[in-house]
Student: 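This is the structure I have questions about; it appears just below.
Chain identifiers are assigned alphabetically (A, B, ...) following the order of the sequence lines, protein sequences preceding nucleic acid strands; residue numbering begins at 1 within each chain.
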Amino acid sequence: MNAIIFSVIGGVVMMFTGIITQQKKAIRNVAIIALIILLLANIFDTYGILSIHIGTHGMLNFQKFGLYFNTLAYAATLLFILISGADVTQIGEGKHAAEFFALIFFSLSGIAIITSYNSLLLLFLGIEIMSIPLYILTGGDKRNLKSNEASLKYFLMGSFSTGILLMGIALMYGAHGGFEISAMKPSAVSNEYGILDPLGLVLVFIAIAFKVSAAPFHFWTPDVYDGSPSVFTSFMATIIKAAGFIAFIRLFDNKYVELGLSWRIILPLVIIATLLVGNITAIFQQSVKRMMAYSSIAQAGFMLFAVFAENDMAKEGILIYTVAYSVATIGIFAVLEKMEDISLAGYNGLAKKHPLLAATNTIFLLSLTGIPLTAGFFAKYYMLLSVIKYGGSTVTWLVIVAVIFAAISAYYYFRVIQAMYFKTGNPEVRSYNKGFCFMLVILAAITILIGIFPTIILNWFYF
Amino acid sequence: MNVIQVLFWILSAMALVSALMVLLSKNPVHSVLWLVAVFFAISGHYILLNAQFIAIVNLIVYAGAIMVLFLFVIMLMNLNKDTEPQKNIWMKLAGAISAGCLLMILVSLIKQAPELQAKTAMMNEGGIGLIANLGKALFNTYVVPFEISSILFLSAMVGAVVIGKKD
């Protein structure tokens, strides 16, 4: 409960900071302090120290997995604000800096809810609390038509998926007579209403698949990620997306997957479609930002393996994947934010002029590809291993397909590296300070550290 | 015939007449106003069934908010008699047939439903629709979702200000 309460208090504090001061640095510092307090409160909550208990009538079920994911998500947000916080305050002529931070905090409280829900009612509230601030952040750059378009598109499509989610929840309520997912046993449903339960589950599945942009519900992703301000794309594509997968895992937890064989056919189809659409379309992109949007779809395909396998290995895997993917993507977007020209040609010759930016960017791209000695390798490794542990030789074909797509992804990630190192050009880069360089090095160091010792994340999970 | 029955027949007649007038009046603004009358009559029915909360919500949300929105849209589009498109006879026929099918299905459903035949509407009894009971459920079992939804509205409000503020 700490995470929910403190993140909301953080949001309210940010709103009042906006009244008291207009100084961007002060606003950013308040946000960082509030986030550190939130992070500490959540860590204390994980170990039962200073935690606030509220009787929720079994609607929220705080487990170590969800709380630990909160810690990782908040830590990633802290890194995000440390490296890109100054850019957040610049968006929209810098008039709404405090409000943007407040919205980010509200979004974080949504994450805390969907990592611990036990009632479908709270799943709905959590997803909405997480998404509504994002609709606003997407349209944060009010003078920019592309940002407006992205915001409207995201809002309309998002409302539609909310409708589908509600319909699904209503059907599941009708079948089980309650909202609690831990009490939902498929066998307890009488035959008369038997169809309602799987139908409702499929609708809920569609709605969450929309949020994590799994194909064929991904159509909003490229436009929205491309149109919204780069810093918010970075936040949306990493922390929010990973939280969506936790919602998935909790939904299909407690053996609810025993719905039958049909479920085992739907998920691989969605996974392969997601990998296919993400990777193949990313190859043809000329803008790095748009390429990253498609790459995030492709990465979502890999993360869906955790939902498919649904075992302890998958849970460990999704934690590592969250960190690996978030850190690398935040880093790439931080560099992208400093580029004047975000097309592939704009990166030409970056290594000569700004060797540090190019070097760290290379590490992040290698991590997303899944090259050994970077965090991305172990993230993908854990995902595939969990699937093999689940299905053995019956799912070998799925693993092979995934590996082929990982190899394809190397093509478009390496094109950026090629542009930076092997092409000549005159890239225009916005001014950046020492602190920015320091943070980039920290992110790169985390990426490599996890690539060598992936268990440091899991040790804390079991500690 | 007691008071409740008299009220029931009056409200039903009112609802039916208003619903017909929604369709028959040529001016779209009049149609919307007649629709408001329909909602008032139906709210009266809810009160007869001891469902205060639904009655109030029906008035506030439907008659209040949504109908005002309708009026705004109609006024913005500046619909009047001259701009009303003339529909041909086939369109009218198709509309009549599809609406007739819906009516037939509804009537036959109600006639066949075994749950409905044994029971009559609860009048002067049954407390499930009272605001007091709803409040008790909302502030005991569902207090956490209720309070958490305030976060949702707070963030929506902040968002509305960010998007809507002139700067």
Student: Of all of A/Leu103, A/Leu60, A/Ile54, which one pairs up most often with chain B through heavy atoms under 4.5 Å apart?
Tutor: A/Leu103

Student: Roughly how far apart are B/Ser150 OG and A/Ile129 CD1, rounded to 0.5 Å?
Tutor: 8.0 Å

Student: Do you know the tightest heavy-atom contact between A/Ser109 and B/Ile151?
Tutor: OG-CG2, 3.7 Å

Student: First locate atom OG of B/Ser149, then atom CZ of A/Phe124, and finally report the distance between them rounded to the nearest 0.5 Å.
Tutor: 10.0 Å

Student: Nearest 0.5 angstrom please: A/Thr56 OG1 to B/Tyr142 OH, how far?
Tutor: 12.5 Å

Student: Does atom CZ (A/Phe179) have a neighbourhood of more than 12 heavy atoms from anything else shown, all under 6.0 Å?
Tutor: yes

Student: Indicate the atoms forming the closest heavy-atom contact of A/Gly139 with B/Ile163, along with that distance.
Tutor: O-CD1, 4.1 Å

Student: Would you indicate whether the side-chain heavy atoms of B/Val162 and A/Phe100 approach each other to under 4.5 Å?
Tutor: yes

Student: Out of curiosity, B/Leu152 CG to A/Ile132 CD1, how far, rounded to the nearest 0.5 Å?
Tutor: 4.5 Å

Student: Do other residues, nucleotides or ligands put more than 12 heavy atoms under 6.0 Å from the CD atom of B/Gln5?
Tutor: yes

Student: Please state whether the side chain, the backbone, both or neither of A/Leu137 comes within less than 4.5 Å of a heavy atom of chain B.
Tutor: neither

Student: Please answer whether the main-chain N or O of B/Asn140 pairs with a side-chain N or O of A/His57 as donor and acceptor at a distance below 3.5 Å.
Tutor: yes

Student: For the CD1 atom of B/Ile148 and the OH atom of A/Tyr117, what is their distance to the nearest 0.5 Å?
Tutor: 14.0 Å

Student: Could you name the residues of residues 4-20 of chain A that have a heavy atom within less than 4.5 Å of a heavy atom in chain B?
Tutor: A/Ile4, A/Val8, A/Val12, A/Met15

Student: Would you say B/Leu23 has more than 12 foreign heavy atoms packed within less than 6.0 Å of its CG?
Tutor: yes

Student: Please determine whether the number of non-hydrogen atoms from other residues, nucleotides or ligands lying under 6.0 Å from atom CE of A/Met1 exceeds 12.
Tutor: yes

Student: Between A/Met130, A/Arg143, A/Glu128, A/Met59, which residue shows the highest count of heavy-atom pairs closer than 4.5 Å to chain B?
Tutor: A/Met59

Student: Below 4.5 Å, heavy atoms only, C-beta onward: do A/His96 and B/Lys165 meet side chain to side chain?
Tutor: yes

